[in-house]
Amino acid sequence: AISGTTMMTAYAQTGHVVEAKELFLRMPEKTSVSWNFMILVLANHKELARAKTLFDAMPERTAYSWNIMIQGYVDNSRFQSALAAFERMPQRSTASWNTVLAGLVAAGHLREAERVFEATPHRDLHAHNTMVSAYCKAGALHRARELFDETQNRNGVTWNTLLSGYATAGDMARTRSVFDKVPHRNFVCWNALLQAYVQNGQLSTAKATFDVSPCRDVASWNAMMQGFAEEGQLQDAELLFQRMPKRDVVSATALVVAYARHGHITQARALFDGLPVRDTIAWNAMIAAYTQAGLALDALNLFKVMDLEAVPLDHASLSSALDACATLAALREGKLIHSSILHSELFHSNTIVATSLITMYARCARLCEAKRAFDGLTKRD
RNA sequence: CACCCUCCUUGUCGAC
């Protein structure tokens with residue numbers, strides 16, 4: 001017999017969240033694994049409030065359960081809640097420390113991250129890798145290198161992190177020398193080198209790397225295609241897209257954006273409509289394409305469809321939609337979006353969304369004033 | 001004890 005927990009896991013992994021939920025509720029004896037797993041599913045689907053309710057209702061919370069909640073808060077940029085949970089939990093595992101560390105890094109709090117790193121009882125390889133990555137993101141490559149040198153038992157992630165750090169900083173000499181020293185180059189490593197050349201405008205070297213790479217996957221093809229697109233070589237990008245052995249939603253989104261940037265908005269939309277899988281970023285890209293083409297009404301309409309189809313919104317979706325409202329001076333629509341933001345409680349502390357909200361209200365207010373002034377004028381006449 | 005949570009590469013947006 002298949003256990004309920006196994007069945008539930010299978011449902012959730014195939015995207016059948018509702019079925020997983022029902023099964024969980026019907027399970028006569030809920031195991032600790034099933035509780036944790038249900039919380040994980042809810043947290044991953046941005047249903048943090050429900051996850052929290054379940055978390056509170058659990059008979060026995062392990063460090064694992066706490067870690068899921070902390071990660072959920074981090075994913076939703078609720079860093080205060082993450083820290084609060086971290087401080088409240090009875091015993092912290094290494095994963096707890098690492099989750100909080102990664103959360104602080106994601107929030108851009110390097111000093112705090114350093115403090116947590118120092119305080120971590122068991123600083124494992126994950127923690128080291130997270131900090132190397134943090135220094136790279138902050139442009140502190142010297143510190144990244146020092147920590148890299150101090151790190152025992154480096155793995156592929158450690159090497160790849162430093163390599164990408166140099167690449168982002170535009171230091172191709174060090175990027176290359178790190179690459180040459182990597183003990184076992186994996187797919188990420190080769191792709192990181194490829195991307196390094198792409199993002200530093202060395203498309204022909206990128207191409208050469210691509211051609212000799214023993215590790216070519218969909219990410220390699222996508223990176224090359226994006227390189228052509230960014231150089232304005234739309235036809236080459238298109239050709240690559242057609243020749244790719246495998247395409248995913250990333251490939252298609254990149255081409256949608258490329259079409260749009262070249263003014264081919266209809267082609268972009270056709271490609272978008274034909275996608276078998278459309279994630280949040282794909283929708284955002286299409287909406288932004290309309291906005292940037294000055295087609296604010298199309299942008300707003302597509303946003304409404306996105307919302308209707310229950311695609312998870314993020315700060316970029318909301319920001320684009322609000323920008324469209326601003327352009328159209330659509331105060332009513334803007335207010336609707338605003339209230340749904342307040343209702344969802346997901347974007348309260350998001351500065352990007354807040355900025356778009358202010359812009360929208362400012363623009364509408366100005367127009368309203370203008371309209372009032374105009375009305376006043378006609379009445380006088 | 002094992003399992004499930006934490007780190008690296010490709011697509012959208014990010015306020016002088």
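Residue numbers start from 1 in every chain, and the chains themselves are labelled A, B, ... in the order their sequence lines are given, proteins ahead of strands. When reading the values below, keep in mind they use all heavy atoms of this one structure, side chains included, and skip hydrogens, waters and symmetry mates.
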[N] [atom2] sits how many Å from [X] [atom1], rounded?
X	N	atom1	atom2	value
A:Trp97	B:rU6	CH2	C1'	14 Å
A:Tyr73	B:rU6	OH	C1'	18 Å
A:Phe86	B:rC5	CZ	C1'	14 Å
A:Phe210	B:rU10	CZ	C1'	12 Å
A:Gln199	B:rU9	CD	C1'	10 Å
A:Trp66	B:rU6	CH2	P	19 Å
A:Leu194	B:rG11	CG	P	11 Å
A:Trp159	B:rC8	CH2	P	18 Å

Consider the side chain of [X], meaning its heavy atoms from C-beta on, and name the nucleotide among [options] that approaches it most closely.
X	options	answer
A:Val250	B:rU6, B:rU10, B:rU9	B:rU10
A:Val249	B:rG11, B:rC8, B:rU9	B:rG11
A:Gln195	B:rC4, B:rU6, B:rU9	B:rU9
A:Val157	B:rC7, B:rU9, B:rU12	B:rC7
A:Ala285	B:rU12, B:rC5, B:rU10	B:rU12
A:Ala102	B:rG11, B:rC7, B:rU9	B:rC7

For residues A:Asp124 and A:Thr94, is any side-chain donor paired with an opposing acceptor at under 3.5 Å?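 There is no such pair between these side chains.
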Ignoring hydrogens and angles, state whether a donor on the side chain of A:Ser93 or A:Asn67 is under 3.5 Å from an acceptor on the partner side chain.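 Looking only at side-chain atoms, A:Asn67 and A:Ser93 do form a donor-acceptor pair, the distance falling under 3.5 Å.
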Are [X] and [Y] close enough that their ring centers fall under 6.0 Å?
X	Y	answer
A:Trp66	A:Phe86	no
A:Trp221	A:Phe241	no
A:His128	A:Phe117	yes

Classify [X] by what it touches in the nucleic acid, base, sugar-phosphate, or nothing, heavy-atom distance under 4.0 Å.
X	value
A:Ala63	nothing
A:Thr161	sugar-phosphate
A:Ala254	sugar-phosphate
A:Ile68	nothing

Cation-pi check, A:Arg216 to A:Trp190: give yes when NZ or CZ is under 6.0 Å from the six-membered ring centre and within 45° of the ring axis, no otherwise.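 No, cation not above the ring by the 6.0 Å, 45° rule.
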Does NZ or CZ of A:Arg143 come closer than 6.0 Å to the centre of the six-membered ring of A:Tyr135, within 45° of the ring's axis?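 Cation-pi check for A:Arg143 and A:Tyr135: passes.
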Short side-chain to backbone donor-acceptor contact, A:Thr158 and A:Asn155, under 3.5 Å: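 Present.
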Listed pairs, N/O of protein and of nucleotides 13-16 of chain B, under 3.5 Å:
from: B:rC13; atom 1: OP1; to: A:Arg261; atom 2: NH2; distance (Å): 3.1
from: B:rC13; atom 1: O2; to: A:His315; atom 2: ND1; distance (Å): 2.9

With hydrogens left out and only the distance checked, is there a donor-acceptor pair under 3.5 Å joining A:Asp279's side chain and the base of B:rG11?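 Such a pair is found, so the answer is yes.
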Using the rule that Ile, Leu, Val, Met, Phe, Trp and Tyr join whenever any side-chain heavy atoms are under 4.5 Å apart, tell me whether A:Leu234 and A:Met286 fall into a single cluster.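 Yes: a chain of side-chain contacts under 4.5 Å links A:Leu234 to A:Met286.
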Give a yes or no on whether a salt bridge exists between A:Glu112 and A:Arg115, defined as a side-chain N under 4.0 angstrom from a carboxylate O.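 Salt bridge flag = yes for A:Arg115 with A:Glu112.
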For RNA chain B, the residues among residues 121-155 of chain A that have a non-hydrogen atom under 4.0 Å from it: A:His126, A:Asn129, A:Thr130
